[in-house]
Amino acid sequence: MYGVTVANLIDKNERQISLFENNINEKQNNIDKVMDTIKEKYGSGAIGRAGKLNVDNIVNLKK
């Protein structure tokens, strides 16, 4: 099995534009900055968005 990881493709000050939201939310920007700081200090797996969790595995763990 092979895998590829890519990081630091854009400058930290750049942000991906949402297709569904025209304005950039200041609260979300602050959250992203804090998450980036945590990842820099503790590694990329230290924190992430809940939407990226594998819900099936989490539910099985609770049984």
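Values reported hereafter were calculated over all heavy atoms of this structure, with side chains retained and with hydrogens, waters and symmetry mates removed.
- Checked against side chain to side chain contact (heavy atoms under 4.5 Å, CB included), Ile38 has the following partners two or more places apart in sequence or in another chain: Val34, Tyr42, Ala46, Ile47.
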One pair to check against salt bridge (charged side-chain N to carboxylate O under 4.0 Å, His left out): Arg49 and Asp32. What are the steps and the verdict? CA-CA 10 Å; Arg49 300 192 181 282; Asp32 290 342; 2.3 Å; yes
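- With sequence neighbours excluded, no residue forms a side chain to side chain contact (heavy atoms under 4.5 Å, CB included) with Lys41.
- Going from atom CD of Gln28 over to atom CE of Met35 covers 8.0 Å, rounded to the nearest 0.5 Å.
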